[in-house]
Amino acid sequence: MAAPSPPPDVERLARDIRSGERTVLSRAITLIESKRADHRRTAAALTQALLPDTGNAVRIGITGAPGVGKSTMIDALGHRLTGAGHKVAVLAVDPSSRRTGGSILADKTRMARLGNDPNAFIRPSPSSGTLGGVAAKTRETMLLCEAAGHDVILVETVGVGQSEIAVSDMTDFFLVLALPGAGDELQALKKGVVELADMIAVNKADGDNLARAKLAASQYGAALHILSPRSPNWSPPVITCSALTGEGIAALWQHVLDHQKRLTASGELAARRGEQQVKWMWTMLEERLFAPLRTDRALKAALPRIEADVAAGRLAPATAVEEIADMLGL
Ligand SMILES: Nc1nc2c(ncn2[C@@H]2O[C@H](COP(=O)(O)OP(=O)(O)OP(=O)(O)O)[C@@H](O)[C@H]2O)c(=O)[nH]1
Ligand SMILES: [Mg+2]
């Protein structure tokens with residue numbers, strides 16, 4: 001089936017985004033984040049129209065425990081990259097309510113250099129909704145940024161919950177930042193984050209921390225050694241770096257480039273992106289199908305009674321499902 005041709009206003013919007021106009025990009029992202037049905041339709045038409053202009057960026061996910069230095073690292077790396085002629089977009093997936101207005105400001109100050117850089121575009125996490133919803137919006141935002149000519153996308157996520165999986169599902173390269181020492185490495189292992197990592201960078205390897213950082217890196221190296229690698233074409237390196245001094249950041253970027261080169265040559269990158277797209281389709285479809293469960297007024301009103309009846313054994317779960325399906329017209 002051929003893609004439907006977009007309405008004229010979408011066509012214009014798409015053209016302005018392609019030309020790299022920042023204010024238009026911001027407006028389009030707001031459209032994507034909107035919950036209104038008409039906005040959602042326009043946003044879908046817009047991403048469809050821009051699809052041929054996407055996919056040309058290096059997509060990097062960055063995670064790590066709160067305070068590990070993600071924002072500082074993004075600022076340092078991003079600044080370096082814009083200096084070398086790249087256009088960088090910084091996005092975030094944080095479905096918790098933690099990132100209120102205050103911490104967006106805090107983030108902007110920690111990304112002081114990028115915040116004022118005309119070749120960098122910083123967009124905080126969509127603030128509300130399920131993880132699936134937040135991730136979907138960030139994903140679409142990423143596509144818009146690519147269409148606007150950003151060739152490096154950095155997606156920050158907090159080192160808790162399922163958001164790491166969501167971010168690793170939308171990026172080519174998943175960077176895990178770790179702290180020097182104090183059992184942090186085992187904590188990360190437990191969460192399974194290390195299994196997603198394409199590289200582990202022990203940050204804050206500066207001053208008094210240097211020796212401990214090197215020790216932590218060798219422990220991670222040993223831990224990674226016993227895991228089966230995520231890709232047959234890539235063994236995740238473990239490095240030390242300092243977002244504060246900039247030490248190790250050139251090496252970090254070189255690893256990203258090597259990874260991109262190898263996975264492109266083997267065809268793995270294209271395959272991975274294809275799988276991500278299909279997975280994304282299913283996630284969005286599930287979201288869409290679940291939406292009435294959360295929003296249907298009659299159902300909302302009836303649910304406490306239905307749940308109480310099921311809990312008390314007055315109503316069989318299967319009968320309850322029939323009743324709910326009837327209310328939703330399924
Ligand atoms: N010594 C040292 N301090 C650092 C380094 N990187 C970051 N910091 C400091 O660590 C603190 C937290 O840094 P952030 O960049 O905000 O950390 P984050 O991971 O983005 O934190 P959240 O977004 O709150 O999860 C700040 O005070 C930074 O100045 C580093 O390489 N060395
Ligand atoms: Mg941060």
Side-chain angles (χ1 to χ4, degrees), residues 60-81 88-117 120-127 131 134-135 138 141 152-168 171 173-182 184-185 187-188 191 193-194 196-197 199-217 220 238-253 255-256:
I60 303 166
I62 300 180
T63 194
V68 69
K70 297 178 293 294
S71 302
T72 312
M73 172 62 77
I74 287 170
D75 191 52
L77 177 62
H79 178 66
R80 192 187 172 86
L81 293 171
V88 176
V90 179
L91 313 177
V93 171
D94 181 0
S96 72
S97 53
R98 197 177 63 97
R99 199 172 296 259
T100 55
S103 57
I104 291 166
L105 280 183
D107 258 7
K108 284 258 180 185
T109 55
R110 273 170 215 163
M111 296 194 246
R113 282 175 294 187
L114 276 194
N116 296 315
D117 189 329
F121 181 83
I122 302 178
R123 183 82 181 189
S125 176
S127 57
L131 171 60
V134 168
T138 302
T141 298
V152 179
I153 313 283
L154 304 173
V155 187
E156 175 178 343
T157 189
V158 279
V160 288
Q162 295 294 305
S163 57
E164 276 123 343
I165 295 176
V167 170
S168 104
T171 49
F173 189 94
F174 196 61
L175 169 62
V176 176
L177 292 187
L179 287 168
D184 174 74
E185 54 275 62
Q187 229 183 322
K191 286 187 296 188
V193 172
V194 170
L196 298 173
M199 172 160 65
I200 296 175
V202 180
N203 190 37
K204 307 199 183 185
D206 46 44
D208 293 345
N209 280 329
L210 198 55
R212 283 197 301 146
K214 294 224 183 309
L215 180 65
Y220 274 115
V238 182
I239 63 163
T240 58
C241 62
S242 169
L244 210 58
T245 67
E247 186 77 28
I249 291 182
L252 183 154
W253 180 244
H255 283 301
V256 173

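Start at 1 and go down the list; that is how both ligands and their atoms are numbered. Numbers here simply count residues along the sequence, with the first being 1.
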Exercise for the section: Tell me whether S71 has at least one N, O or S atom under 2.8 Å from the Mg ion (ligand 2). Expected result: yes

Problem - D117 (side chain) donor-acceptor with H79 (main chain) under 3.5 angstrom - result: no

Handout entry: Main-chain N/O of S125 paired to D94 side chain as donor or acceptor, under 3.5 Å
Key = no

Problem - Set of residues satisfying side chain to side chain donor-acceptor pair (under 3.5 Å) with respect to D75, sequence neighbours excluded - result: R113

Exercise for the section: For ligand 1, find out whether one of its N or O atoms is nearer than 3.5 Å to an N or O atom of A205. Expected result: no

Problem - Minimum heavy-atom distance between A197 and V176, given as atom pair plus value - result: CB-CG2, 3.5 Å

Exercise for the section: Could you tell me whether C241 and ligand 1 have an N or O pair separated by under 3.5 Å? Expected result: no

Handout entry: Sequence-distant partners of S168, side chain to side chain donor-acceptor pair (under 3.5 Å), two or more places apart
Key = none

Practice task
Give a yes or no on whether the backbone of P180 and the side-chain of K214 come within a donor-acceptor separation of less than 3.5 Å.
Solution key: no

Exercise for the section: Classify the contact between D206 and ligand 1 as side chain, backbone, both or neither, using a heavy-atom distance cut-off of under 4.0 Å. Expected result: side chain

Handout entry: Atoms of ligand 1 close to A243 [distance to a heavy atom under 4.0 angstrom, numbered from 1]
Key = 6 (N), 30 (C), 31 (O)

Handout entry: Element-labelled atoms of ligand 1 that are located less than 4.0 Å from some non-hydrogen atom of P66
Key = 25 (O)

Completion exercise
On a heavy-atom basis, the closest approach of I62 and L154 is CD1-CD2, 4.4 Å

Practice task
Consider ligand 1: state whether an atom of it lies below 4.0 angstrom from any non-hydrogen atom of G64.
Solution key: no

Exercise for the section: Give the atoms of ligand 1, by number and element, whose distance to some non-hydrogen atom of E156 is under 4.0 Å. Expected result: 20 (O), 23 (O)

Practice task
Could you tell me if any non-hydrogen atom of M73 lies under 4.0 Å from any atom of ligand 1?
Solution key: no

Problem - Proximity to ligand 1 by part of T72, non-hydrogen separation under 4.0 Å - result: both

Problem - Name of the E156 atom (N/O/S only) found closest to the Mg ion (ligand 2) - result: OE2

Handout entry: Rounded distance [0.5 Å steps], CZ in F121 versus CD1 in I153
Key = 10.0 Å

